[in-house]
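As the structure is a computational prediction, the values presented were derived from the model and not from experiment. Proteins get letters first, then strands, A, B, ... in listed order; numbering begins at 1 in each.
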Amino acid sequence: MQLLIEQRKAKIEAIRALGVDPYPYRFDPANTTREIVADPERFSEQPVSIAGRLMSIRGKGKTAFAHIQDAEGRIQIYVRRDAVGETPYSIWNLLDIGDIIGVKGPVFVTHTGETTVQVTEFVVLCKSIRPLPVVKEQMVEGERRVYDDIRSNVELRYRHRSIDLIINPEVREVFRKRSQILQSVRRVLEDRGFIEVETPALQRVYGGANARPFKTHHNALDIDLYLKISPELYLKRLVVGGLERVYDLSKNFRNEGIDRTHNPEFTMLEAYQAYADFNDMMALTEAVYVESCLKVNGTTTISLQGREINLEPPWERVEMVEAIGKHAGISVENLSDEELLSMVRVHDPDAPAVLSRGMLIADLFEYRVEKELTGPVFVTNHPEETSPLCKASRTRPGFIERFEPYILGYEIGNAYSEMNDPVRQRQLLEAQAAHREVDGEVPPVDEDFLRAMEIGMPPTGGLGIGIDRMVMVLTDQASIRDVIAFPTLRPADARDADTP
RNA sequence: GCCUCCAUAGCUCAAUGGUAGAGCAGCGGACUCUUAAUCCGUUGGUUGAAGGUUCAAGUCCUUCUGGGGGUACCA
């Protein structure tokens with residue numbers, strides 16, 4: 001490795017010795033590889049100029065073929081010594097795979113049929129000194145076949161995303177789509193009169209969800225602060241203040257496990273609409289998903305892990321207890337608490353006997369039903385013990401007006417008809433806080449939030465949508481690490497762990 | 001956290017407990033329509049780390065590190 005880098009550094013000096021700066025300041029790529037490949041005829045008369053990274057080189061003495069890759073694709077170039085000149089051709093011979101160059105010249109089609117730029121002029125834009133993993137590929141019946149499969153080296157892909165992006169065009173596509181989805185989500189909300197606001201990432205009192213927070217310290221104030229686990233309590237303060245439609249689209253941080261659908265920092269949309277209830281939030285959820293899906297896939301049907309799923313609204317709605325009956329064949333109403341507990345203990349032998357009936361129902365749903373939900377489906381009316389921030393169900397006593405949308409077993413959001421009775425809100429939060437001894441994840445009571453509630457919040461619908469999972473669903477990626485450019489990983493080297 | 005599988009050259013992978021190898025990349029040479037270019041020659045290794053068993057360890061054992069999959073936590 002060190003040898004390879006030394007060899008390339010020597011080439012930099014050789015290039016400089018020929019009077020050429022291997023790190024110039026700018027270049028004007030007037031064309032893209034994609035537009036040229038799409039319509040070579042158009043460029044047969046006037047020369048094109050493109051820039052990109054050298055991805056393969058086939059030297060043949062006084063001529064050479066190579067491929068260069070830009071943001072949108074690859075194109076073959078053809079370099080002849082008698083076309084570019086003696087000195088430039090010796091510079092050409094100092095180039096490696098991975099270098100970035102700009103080329104100019106007319107376009108032609110080789111007699112094997114590949115669109116190619118006949119290089120009349122080229123410039124070195126960046127000499128690379130660290131070799132890329134070499135991927136050999138071949139087109140077979142229009143299908144791209146990779147011989148050395150770099151995708152299998154996931155560690156390299158996540159730790160060195162630059163390399164992953166260079167080598168795997170489909171990875172670039174996922175992040176391009178992620179950007180389009182964020183744009184689309186914002187557009188749906190702006191079109192409906194929502195305004196984007198920001199809530200503190202550093203919070204004195206964390207809340208709005210049950211999760212372990214990251215703790216940090218502010219030196220000047222000498223106080224401990226927590227990273228935001230949810231923007232909820234701050235967004236509601238803004239609704240109290242008269243910003244009737246607000247949303248926060250930003251990172252949340254939860255100090256918990258990492259798996260295929262969880263990353264410690266993740267992107268969340270939370271939207272609050274005054275004078276609305278959870279029915280309005282269902283319509284909003286459908287709009288956010290459908291609009292974004294149309295934007296990146298051009299259709300409302302997605303292909304997800306081999307399944308075809310249609311997102312066309314209206315999505316199915318099913319109450320949680322009905323879903324348990326339908327998918328697990330259990331009629332919760334006819335079971336005693338003891339029977340429920342024993343059913344939960346089939347899946348979690350350590351389930352504490354003190355669990356309330358509502359929590360047992362929620363657990364049973366999680367163990368027996370969640371995976372079965374192909375969806376899209378809104379699971380509604382959760383047991384009241386599952387959240388203190390939600391209003392009671394209008395139809396089912398002991399339950400609340402909440403829903404979670406599911407697609408292929410993924411919980412992709414959460415919404416309430418928000419609690420706005422300040423007296424009841426205080427009771428619920430204080431009752432929950434009393435359980436902190438038992439459940440370390442219960443947040444402390446946020447007095448300032450309760451004070452805002454006492455001033456009065458209009459009836460409000462609130463919606464949270466996990467954006468990373470949304471990107472997974474809309475781009476058919478099985479791991480959250482494939483939709484977050486720099487997922488949280490253990491330090492590769494133990495020494496890194498001590499580096500601040 | 002627990003279970004399980006994996007870690008060998010820049011990349012993809014071989015090597016029955018017995019001299020660490022191949023292809024590609026790299027380096028030198030030949031070649032003016034190649035495309036997994038071809039041909040000749042060639043460099044490159046603390047086998048993830050540390051211990052142990054053995055005459056002998058990439059291979060067996062233990063621990064550690066990193067990763068994958070599963071599971072738990074994540075209302």
Would you say the side chains of A/T386 and A/R402 form a donor-acceptor pair under 3.5 Å? yes
Please give the distance between the P atoms of B/A9 and B/U65 as a whole number of Å. 22 Å
Counting only side-chain N and O atoms of A/H67, is one of them less than 4.0 Å from OP1 or OP2 of B/U34? no
Rounded to the nearest angstrom, tell me the gap between atom CD1 in A/I258 and atom P in B/G68. 9 Å
Applying side-chain hydrogen bond (donor to acceptor under 3.5 Å, both in side chains), can you list everything that pairs with A/Q118, at least two apart in sequence or on another chain? none
Please measure how far the P atom in B/C13 lies from the corresponding atom in B/G48, and state the result in whole Å. 15 Å
Could you check whether A/E13 pairs with A/K11 (Lys NZ or Arg NE/NH1/NH2 to Asp/Glu carboxylate O, under 4.0 Å)? no
Between B/G26 atom P and A/L132 atom CG, what is the distance in whole Å? 11 Å
Restricting to salt bridge (Lys or Arg N to Asp or Glu O under 4.0 Å), what partner residues turn up for A/R254, sequence neighbours left out? none
Side-chain contact check for A/T386: nearest option of B/A72, B/G67, B/A75 is B/A75
Pair assignment for B/U42, Watson-Crick or G-U wobble, requiring both distances under 3.5 Å: B/G26
With both distances kept under 3.5 Å, what pairs with B/A15, Watson-Crick or G-U wobble? none
Answer for the Watson-Crick or wobble partner of B/A57, both distances under 3.5 Å, is none
With C1' as the reference atom in both, quote the distance from B/C39 to B/C60 in angstrom, rounded to an integer. 45 Å
Got a donor-acceptor pair under 3.5 Å from the side chain of A/D82 to the base of B/U32? yes
Nearest-angstrom distance, P atom, B/A49 to B/G66: 15 Å
Let's test this: given Watson-Crick or G-U wobble pairing with both distances under 3.5 Å, identify the partner of B/A49. B/U63
From CZ of A/R130 across to P of B/G26 the rounded distance in Å is 17 Å
Gap in Å between the two C1' atoms, one belonging to B/G51 and one to B/G70, rounded: 31 Å
Choosing from B/G66, B/U34, B/U32, which nucleotide comes nearest the side chain of A/T110? B/U34
Rounded to the nearest Å, what distance is computed from the CG atom of residue A/D259 to the P atom of nucleotide B/C2? 17 Å
Give each protein N/O atom lying under 3.5 Å from an N/O atom of nucleotides 27-31 of chain B, with the pair distance.
from  : atom 1 : to    : atom 2 : distance (Å)
B/C27 : OP1    : A/K11 : NZ     : 2.1
B/C31 : N3     : A/G61 : N      : 3.1
B/C31 : N4     : A/G61 : N      : 3.0

Side chains of A/E270 and A/S230, donor plus acceptor under 3.5 Å: yes
Would you measure the distance from the C1' atom in B/A20 across to the matching atom in B/U34 and give it in whole Å? 36 Å
Looking only at the side chain of A/R260 (C-beta and beyond, no hydrogens), which of the listed nucleotides B/A75, B/G69, B/C33 gets closest? B/G69
Test of understanding: with side-chain hydrogen bond (donor to acceptor under 3.5 Å, both in side chains), list the residues that count as partners of A/D99, not counting sequence neighbours. A/K127
Mind checking salt bridge (Lys or Arg N to Asp or Glu O under 4.0 Å) for A/R53 and listing every partner two or more places apart, or none if nothing turns up? none
Heavy-atom nearest nucleotide on RNA chain B taken for A/Q118 and for A/N414; more 5' hit belongs to A/Q118
If you look at every strand shown and take non-hydrogen atoms under 4.0 Å, does A/Y367 touch a base, only sugar-phosphate, or nothing? sugar-phosphate
Distance in angstrom units between A/L3 CG and B/U42 C1', rounded: 12 Å
Using atom C1' of each nucleotide, how far apart are B/U59 and B/A14 to the nearest Å? 13 Å
From CZ of A/F403 over to P of B/A75, roughly how many Å is that when rounded to an integer? 17 Å
With sequence neighbours left out, the residues meeting side-chain hydrogen bond (donor to acceptor under 3.5 Å, both in side chains) with A/R394 are A/D277, A/E401
Tell me whether the side-chain N/O atoms of A/R159 come closer than 4.0 Å to OP1 or OP2 in B/G67. yes
Would you kindly say whether A/E232 and A/Y234 are connected by a side-chain donor-acceptor distance under 3.5 Å? no
Can you check the distance between B/G10 and B/U43, where both ends of the measurement are the P atom (answer in whole Å)? 16 Å
Shortest side-chain distance from A/P388, nucleotide among B/A75, B/G70, B/G67: B/A75
Does a nitrogen or oxygen in the side chain of A/R58 sit under 4.0 Å from OP1 or OP2 of B/U34? no
Using the ring centroid of each side chain, check whether A/Y406 and A/F365 are separated by less than 6.0 Å. yes
Toward the 5' end of RNA chain B, by each residue's nearest nucleotide, A/H111 or A/E404: A/H111
Does A/E114 get its side chain close enough to the base of B/U34, under 3.5 Å, for a donor-acceptor pair? no
Could you tell me how far apart A/I97 (CD1) and B/C11 (C1') are, to the nearest whole angstrom? 11 Å
Taking atom C1' of B/U32 as reference, at what distance in whole Å does atom CZ of A/R80 sit? 6 Å
Paired with B/U71: which nucleotide, if any, by Watson-Crick or G-U wobble criteria at under 3.5 Å for both distances? B/G1
